[in-house]
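Along the sequence shown, residues carry numbers from 1.
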Amino acid sequence: MDKIFKTLVFFLLLISQSFFAQQISNTDQQLEDQKIEIEMQKNLKENHKWLDERIDQLQKEQKILETKKKNLSKSESNLKSTKEKINKLEIENQKIENKITTSSISGEELQKKRIKTKENELNIQKLKLTQITQEKELEKVMSNI
């Protein structure tokens, strides 16, 4: 009986030692899992921070591009408007010149029409200078895109 009792005690000690070793192993595993989880959370926060910074940067770039696009559109519109004004004045001058050559008008009226054509020519030259400036501005805007 003593032998059975010793065997039983030995067996119980062996089981309890195995049980404690398993609990220590489980605790070590839990600690390792917690370390991994903390590291994952840290990496996740760093990735979110990087993504937020990248989103901000891209939004700034988008605003810059939108501004450049607006500037380009405005420059093109200004140039088109100037060309239309030049064309309109040139057509008006042609009409006045046709009236001068085809109709018999008084000297005073003739003088007024010639003054008007000279004024139009002056305005056309001013608009052509404006057009040159606008073309340069348009080229500058296009080169910035």
Side-chain angles (χ1 to χ4, degrees), residues 6-145:
K6 285 182 183 179
T7 308
L8 187 59
V9 168
F10 178 73
F11 185 67
L12 284 174
L13 284 175
L14 190 59
I15 290 175
S16 67
Q17 185 180 13
S18 172
F19 177 74
F20 287 126
Q22 187 177 13
Q23 279 189 331
I24 290 172
S25 175
N26 283 346
T27 304
D28 287 344
Q29 184 63 39
Q30 286 174 343
L31 287 174
E32 187 65 29
D33 289 348
Q34 285 177 347
K35 287 179 184 177
I36 291 171
E37 181 67 26
I38 290 170
E39 187 66 27
M40 285 174 53
Q41 291 295 329
K42 180 182 170 186
N43 289 338
L44 187 63
K45 285 180 183 179
E46 288 175 3
N47 288 340
H48 278 288
K49 181 181 175 185
W50 182 84
L51 286 173
D52 288 342
E53 289 171 354
R54 185 69 177 135
I55 287 171
D56 289 342
Q57 179 186 3
L58 289 173
Q59 286 174 338
K60 288 176 185 177
E61 289 175 10
Q62 182 180 13
K63 286 181 182 180
I64 290 169
L65 288 174
E66 287 172 355
T67 302
K68 288 179 179 181
K69 183 180 176 184
K70 285 179 185 177
N71 289 341
L72 177 63
S73 177
K74 182 180 175 184
S75 292
E76 288 174 337
S77 176
N78 288 342
L79 183 60
K80 181 180 177 185
S81 173
T82 301
K83 287 180 179 181
E84 288 172 355
K85 288 177 184 177
I86 290 171
N87 191 34
K88 181 181 174 186
L89 286 173
E90 287 174 342
I91 290 171
E92 185 179 338
N93 265 2
Q94 287 175 353
K95 287 180 181 178
I96 292 172
E97 288 295 329
N98 283 341
K99 282 183 182 179
I100 290 173
T101 58
T102 59
S103 62
S104 58
I105 51 176
S106 67
E108 187 179 319
E109 189 65 31
L110 180 65
Q111 199 66 14
K112 286 181 182 178
K113 294 206 180 286
R114 292 226 165 119
I115 290 172
K116 182 66 177 168
T117 58
K118 294 295 181 190
E119 286 175 353
N120 284 350
E121 283 297 324
L122 181 61
N123 287 333
I124 289 171
Q125 293 306 315
K126 287 179 183 178
L127 286 172
K128 285 185 177 182
L129 288 174
T130 303
Q131 179 182 357
I132 291 169
T133 304
Q134 289 172 342
E135 286 171 347
K136 288 180 181 179
E137 183 180 324
L138 180 61
E139 288 175 12
K140 181 180 175 184
V141 169
M142 290 176 75
S143 68
N144 285 335
I145 292 181

Does the Thr67 side chain pair with the main chain of Lys63, one donor and one acceptor, at a distance under 3.5 Å? yes
Does Ser77 use its side chain to pair, donor to acceptor, with the backbone of Ser73 at less than 3.5 Å? no
Would you give the length of the straight line joining atom [atom1] of [X] to atom [atom2] of [Y], rounded to the nearest 0.5 angstrom?
| X | Y | atom1 | atom2 | result |
| --- | --- | --- | --- | --- |
| Asn71 | Lys69 | CG | NZ | 12.5 Å |
| Lys45 | His48 | NZ | NE2 | 10.5 Å |
| Lys80 | Ser75 | NZ | OG | 14.5 Å |
| Leu79 | Thr130 | CG | OG1 | 10.5 Å |
| Lys95 | Ile100 | NZ | CD1 | 14.5 Å |
| Ile115 | Leu110 | CD1 | CG | 10.0 Å |

Using the rule side-chain contact (heavy atoms from CB on, under 4.5 Å), only one of Gln34, Glu39, Met40 pairs with Ile36; which is it? Met40
Taking C-beta and beyond as the side chain, do [X] and [Y] meet within less than 4.5 Å on heavy atoms?
| X | Y | result |
| --- | --- | --- |
| Glu109 | Lys113 | yes |
| Lys116 | Lys112 | no |
| Ile124 | Asn93 | yes |
| Gln41 | Leu44 | yes |

Nearest heavy-atom pair of [X] and [Y]: which atoms, and what distance?
| X | Y | answer |
| --- | --- | --- |
| Leu138 | Leu72 | CD1-CD1, 3.4 Å |
| Asn78 | Gln134 | O-OE1, 3.2 Å |
| Leu127 | Thr82 | O-CG2, 3.3 Å |

For Lys68, is the NZ atom crowded, meaning more than 12 foreign heavy atoms sit under 6.0 Å from it? yes
Can you tell me if Asp33 and Gln29 form a side-chain donor-acceptor pair at under 3.5 Å? yes
Judged by modelled atom types alone, do Arg114 and Gln111 share a side-chain donor-acceptor pair under 3.5 Å? no
Once side-chain hydrogen bond (donor to acceptor under 3.5 Å, both in side chains) is applied, do any residues pair with Glu108, and if so which ones, sequence neighbours excluded? none
Checking side-chain contact (heavy atoms from CB on, under 4.5 Å) for the pair Lys42/Glu46: CA distance, chi angles, key distance, verdict? CA-CA 6 Å; Lys42 180 182 170 186; Glu46 288 175 3; 3.5 Å; yes
Show the atom names and distances, to 0.1 Å, of all donor-acceptor pairs under 3.5 Å that link a side chain in residues 83-91 to residues at least two apart or in another chain.
none

